[in-house]
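Written below as structure tokens is the structure these notes are about.
For this chain, numbers begin at 1 and follow the sequence in order.
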Amino acid sequence: QVQLVESGGGLVQAGGSLRLSCAASGRTFSSYAMGWFRQAPGKEREFVAAISWSGGNTYYADSVKGRFTISRDNAKNTVYLQMNSLKPEDTAVYYCAAAKGLTGWGPEYDSWGQGTQVTVSS
């Protein structure tokens, strides 16, 4: 497993942008696919985006496709989520997670960060 710490959340107006970062500890980061999930109050956790270990493949939820971009820097043990054209419905706690393979299914992720709050005002 890897230890994950998210940062970069905050309050932004609708239409604005934020970039989330997830720093990982351990030398095996580059062997993991990484994903971002989010959970809004009163709702279940939902998949946002995922990226393969090499960064060559990505996968997005339909709700964020074209607005969010996931990327990674294996030299820095960090994965990013660039969020543009933010909407109030994007408000949630965002979590990064690590998995053995590229997937959007939460149970296949075995390491999770503590989350970072993103709030989009209308």
Side-chain angles (χ1 to χ4, degrees):
Q1 292 188 345
V2 293
Q3 304 297 316
L4 304 171
V5 179
E6 301 96 335
S7 61
L11 174 64
V12 64
Q13 289 188 333
S17 298
L18 280 175
R19 188 176 81 155
L20 305 183
S21 300
C22 174
S25 63
R27 298 182 178 181
T28 59
F29 171 77
S30 61
S31 67
Y32 285 92
M34 298 297 296
W36 286 96
F37 291 77
R38 66 187 182 187
Q39 187 167 21
K43 295 187 177 181
E44 293 190 354
R45 182 183 63 196
E46 66 173 355
F47 168 74
V48 176
I51 188 166
S52 61
W53 67 270
S54 67
N57 292 289
T58 56
Y59 175 39
Y60 296 92
D62 288 343
S63 58
V64 306
K65 202 172 294 183
R67 300 188 298 123
F68 291 11
T69 302
I70 188 171
S71 61
R72 68 189 295 162
D73 185 337
N74 286 342
K76 295 182 178 179
N77 279 13
T78 302
V79 62
Y80 305 98
L81 185 68
Q82 178 66 44
M83 305 186 295
N84 299 328
S85 302
L86 282 161
K87 305 175 182 180
E89 52 263 43
D90 294 318
T91 295
V93 177
Y94 283 71
Y95 300 89
C96 69
K100 294 293 190 228
L102 186 64
T103 177
W105 195 45
E108 291 193 359
Y109 286 81
D110 54 19
S111 297
W112 292 82
Q114 84 291 347
T116 186
Q117 177 71 46
V118 171
T119 303
V120 184
S121 63
S122 57

Side chains of Trp112 and Tyr95: does their closest heavy-atom pair fall under 4.5 Å?
yes
Minimum heavy-atom distance Ala24-Leu4, with the two atoms named:
CB-CD2, 3.6 Å
Indicate the atoms forming the closest heavy-atom contact of Ser21 with Thr78, along with that distance.
CB-CG2, 4.3 Å
Just how far is it from atom CG of Asn74 to atom CZ of Phe29, taken to the nearest 0.5 Å?
5.5 Å
Quick check: closest heavy atoms across Leu86 and Leu18, and the distance to 0.1 Å?
CD1-N, 3.9 Å
With sequence neighbours left out, write down each residue that passes side chain to side chain donor-acceptor pair (under 3.5 Å) with Asp90, or none if nothing qualifies.
Arg38, Arg67
Among Tyr109, Trp105, Tyr59, Trp36, the one residue meeting ring-ring contact (aromatic ring centres under 6.0 Å, His included) with Phe47
Tyr59
May I ask you to check whether over 12 heavy atoms, not counting those of Gln114, lie within 6.0 Å of atom CD?
yes
Is Leu20 reachable from Ile70 through a run of hydrophobic residues whose side-chain heavy atoms are each under 4.5 Å from the next?
yes
Check the angle between the aromatic planes of Phe68 and Tyr94 and answer parallel, tilted or perpendicular using the 30° and 60° thresholds.
tilted
Determine which pairs satisfy salt bridge (charged side-chain N to carboxylate O under 4.0 Å, His left out) with at least one residue from residues 4-18, sequence neighbours left out, and list them in order.
none
For Thr116 versus Gly9, what's the shortest heavy-atom pair and its separation?
OG1-N, 3.2 Å
Of all the heavy-atom pairs spanning Lys65 and Tyr60, show the shortest one and how long it is.
CE-O, 3.8 Å
Summary of salt bridge (charged side-chain N to carboxylate O under 4.0 Å, His left out) pairs that have at least one residue in residues 68-77, sequence neighbours excluded:
none
Taking only residues two or more places apart in sequence, or in another chain, which ones meet Ser17 in a side chain to side chain contact (heavy atoms under 4.5 Å, CB included)?
Gln82, Asn84
Gap between atom NZ of Lys100 and atom OG of Ser31 - 0.5 Å precision
6.0 Å
Kindly write out the residues that satisfy side chain to side chain donor-acceptor pair (under 3.5 Å) with Thr119, not counting sequence neighbours, or none if the list is empty.
Gln117
Considering only heavy atoms from C-beta outward, does the side chain of Val79 approach that of Ile51 to under 4.5 Å?
yes
Of all heavy-atom pairs between Thr91 and Ala40, which one has the smallest distance, and what is that distance?
O-CB, 3.6 Å
Starting from the C-alpha separation in whole Å, work towards a yes-or-no answer on side-chain contact (heavy atoms from CB on, under 4.5 Å) for Phe37 and Glu46.
CA-CA 6 Å; Phe37 291 77; Glu46 66 173 355; over 6 Å; no
Can you check side-chain contact (heavy atoms from CB on, under 4.5 Å) on Arg19 and Leu81, steps first, answer last?
CA-CA 6 Å; Arg19 188 176 81 155; Leu81 185 68; over 6 Å; no
Drop me the distance from Tyr80's OH to Cys22's SG, to the nearest 0.5 angstrom.
10.5 Å
Taking atom CD of Gln3 as the centre, report whether more than 12 heavy atoms of other residues, nucleotides or ligands fall under 6.0 Å from it.
no
Which pairs, with at least one residue in residues 38-90 and sequence neighbours excluded, count as a disulfide bond (SG atoms under 2.5 Å apart)?
none
